[in-house]
Amino acid sequence: MQPALSLRKAISIMLEHANPIHRVHYTHLFDLTGKILAQDLFCQKALPAFDNSGMDGYAVRLADLGQKTPILGTILAGESCSVSLHDGACYKVMTGAPIPLGTQAVIPFENATLKDDSTVLLPTNFKEGANIKIAGEELQVGAPLLQKGERLTHHHVALLASQGYSVLPTYAPLRIGVYSSGNELIEPWERAQSHQIYNSNASMLFSTLQNFGWRADYLGVLPDCLEGMREAIRGFDAYDVILTTGGVSQGEADFMERSLEEAGMTTLFHGIEVKPGRPTMMGILGKTTLLCLPGNPLSASINLHFLGISMLKKMQGERRYHLEFVYAPNKERLILKGNRANMVLGCLHGGCFKVTQEGKYGSGMLTPLTASNAIIFCDKGVENLEEGALIKVIPYMTSFGEEAVDFFNI
């Protein structure tokens, strides 16, 4: 078994070997949310496309402010406009309607006094450009719109629609297979005996992936025999990524690692100097990346969420895959063992971070996960965090950035 790596080194190796899988297919506008854009896009139609009114009001010249001014007509949104405006006249214009050439401001209806059907008394206190949206002031033709690797949101979809994009190249989702391991496991839809435990890891892996936009195939429980393991491994090449839980702790490591290395896997690391999650293993088998997580559910969940997801995002071709943090004061003093890195669950509330259950929870527990909404990474050598200390906190629903940042508390 390889010596355990530092948490920093393990993260570096995971990202270094997370080679993007660039299978491109075409996706309709209505199905783009959550997809990863496979090409750079540029502005095709200026935003706005023409000078237009930002309000329902009167298109005016500044020289007519404070004057009774004739209304020459009405311009509606969706109409073309070829008229020019000169001193001594105005037009009614609706929101989004093109404005006459020469318009210097748009006065909202409620700020003017209509004298009769064809005359309005204009106010005095408006500046040039008021309530006018200038062609191209938001985006000009040819300007960068979206970059390759962007995970598209509903806001991006609206922007794309404004440019007339209807079908776009995106990266096909990763093919991910999920396994659990352990003779003691029984599925939640089966009846457990007193010596058996329900398999929570598979559903945790599956739902975590789903939460970040991936689907996975659940492939069952890895067999605890050499021949059965060899048979399962033969099917790994159908997937870009295989995720497993259990079977990689020191007492079991020889069996799983030996089977995988016998099949040709290159072990990148086996063991991380961190709590929780020491028995984590990563390897490459052909074109398949394997991430073997601990069997304890809390360890498996944290290591997938805060380590594995970044790896998967990079493999998916996303631009943003580095964890980001926020600063928050530590609510209670925390004592740690400094001979390893520590990932500590907590709750970010009211702008402060409070450790879950005073840090007194085990790797085999589940309830601390449901009681937490954030985590902190403490580097090796950190033995305490004082009350009130400003620390780096990673929310569970963290954003991901393009640039690597040091999210460790040191």
Side-chain angles (χ1 to χ4, degrees), residues 4-15 200 204 207-208 211-212 269 271-280 293-294 296-313 320-410:
L5 297 181
S6 71
L7 179 56
R8 286 180 182 272
K9 184 63 175 176
I11 292 172
S12 175
I13 288 174
M14 290 177 77
L15 294 180
S200 62
M204 178 276 295
S207 58
T208 301
N211 191 51
F212 284 95
F269 62 80
I272 306 176
E273 291 181 335
V274 64
K275 181 181 180 183
R278 182 180 178 87
T280 300
L293 299 162
N296 282 325
L298 184 142
S299 296
S301 177
I302 289 175
N303 279 265
L304 174 60
H305 199 111
F306 294 101
L307 304 183
I309 293 300
S310 288
M311 179 192 81
L312 294 174
K313 280 179 169 287
R320 298 181 175 89
Y321 54 84
H322 293 288
L323 288 170
E324 294 191 321
F325 65 87
V326 297
Y327 282 107
N330 183 34
K331 193 161 188 178
E332 297 175 351
R333 186 168 187 256
L334 175 64
I335 306 298
L336 299 165
K337 290 186 177 180
N339 62 341
R340 67 195 175 207
N342 289 275
M343 298 188 290
V344 184
L345 290 170
C347 200
L348 191 59
H349 181 69
C352 294
F353 177 81
K354 183 179 180 182
V355 174
T356 298
Q357 297 174 196
E358 299 180 335
K360 298 173 183 177
Y361 53 80
S363 297
M365 296 180 175
L366 283 169
T367 52
L369 294 169
T370 62
S372 306
N373 66 11
I375 198 167
I376 59 173
F377 282 50
C378 295
D379 210 352
K380 185 177 181 179
V382 175
E383 297 184 345
N384 68 82
L385 293 175
E386 296 295 338
E387 177 184 348
L390 198 62
I391 59 175
K392 299 173 182 178
V393 181
I394 304 172
Y396 249 86
M397 294 311 295
T398 184
S399 58
F400 290 81
E402 293 183 62
E403 302 295 332
V405 296
D406 187 355
F407 46 76
F408 281 80
N409 292 283
I410 58 175

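Heads up: numbering here begins at 1 and tracks the sequence. Keep in mind that what you see is a predicted model, and the values were worked out from it rather than measured.
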Visitor: Is the shortest side-chain heavy-atom distance between Val393 and Tyr327 below 4.5 Å?
Guide: no
Visitor: Side chains of Pro294 and Thr280, heavy atoms from C-beta outward: is any pair under 4.5 Å?
Guide: yes
Visitor: If the condition is ring-ring contact (aromatic ring centres under 6.0 Å, His included), which residues does His305 pass it with, not counting sequence neighbours?
Guide: Phe212, Tyr396
Visitor: Give a yes or no on whether the backbone of Thr367 and the side-chain of Thr370 come within a donor-acceptor separation of less than 3.5 Å.
Guide: yes
Visitor: Is a donor on one side and an acceptor on the other found under 3.5 Å between the side chain of Tyr361 and the backbone of Leu345?
Guide: yes
Visitor: I'd like to know whether CD1 of Ile410 has more than 12 heavy-atom contacts from other residues, nucleotides or ligands below 6.0 angstrom.
Guide: no
Visitor: Once side chain to side chain donor-acceptor pair (under 3.5 Å) is applied, what residue pairs with a partner in residues 329-343 remain, sequence neighbours excluded?
Guide: Arg333-Glu386, Arg340-Asn342
Visitor: Could you walk me through whether Ile376 and Leu334 satisfy the side-chain contact (heavy atoms from CB on, under 4.5 Å) test, starting with their C-alpha distance in whole Å, then the side-chain angles of each, then the deciding distance to 0.1 Å, before giving a yes or no?
Guide: CA-CA 11 Å; Ile376 59 173; Leu334 175 64; 4.2 Å; yes
Visitor: Does NZ belonging to Lys275 count more than 12 external heavy atoms closer than 6.0 Å?
Guide: no
Visitor: Nearest 0.5 angstrom please: Asn211 CG to Met397 CE, how far?
Guide: 4.5 Å
Visitor: Does any N or O in the side chain of Ser310 come within less than 3.5 Å of the main-chain N or O of His322, such that one atom is a donor and the other an acceptor?
Guide: no
Visitor: Centroid separation under 6.0 Å, is that true for the rings of Phe400 and Tyr321?
Guide: no
Visitor: Looking at side-chain heavy atoms only, is the closest gap between Leu348 and Val326 below 4.5 Å?
Guide: yes
Visitor: Of Arg278, Lys9, Lys380, which is the lone residue that meets salt bridge (charged side-chain N to carboxylate O under 4.0 Å, His left out) with Glu273?
Guide: Lys380
Visitor: Between the main-chain N or O of Pro368 and the side-chain N or O of Ser372, is there a donor-acceptor pair closer than 3.5 Å?
Guide: yes
Visitor: Does anything in residues 400-410 pair up under side chain to side chain donor-acceptor pair (under 3.5 Å), and if so which pairs, sequence neighbours excluded?
Guide: Arg8-Asp406, Arg319-Glu402
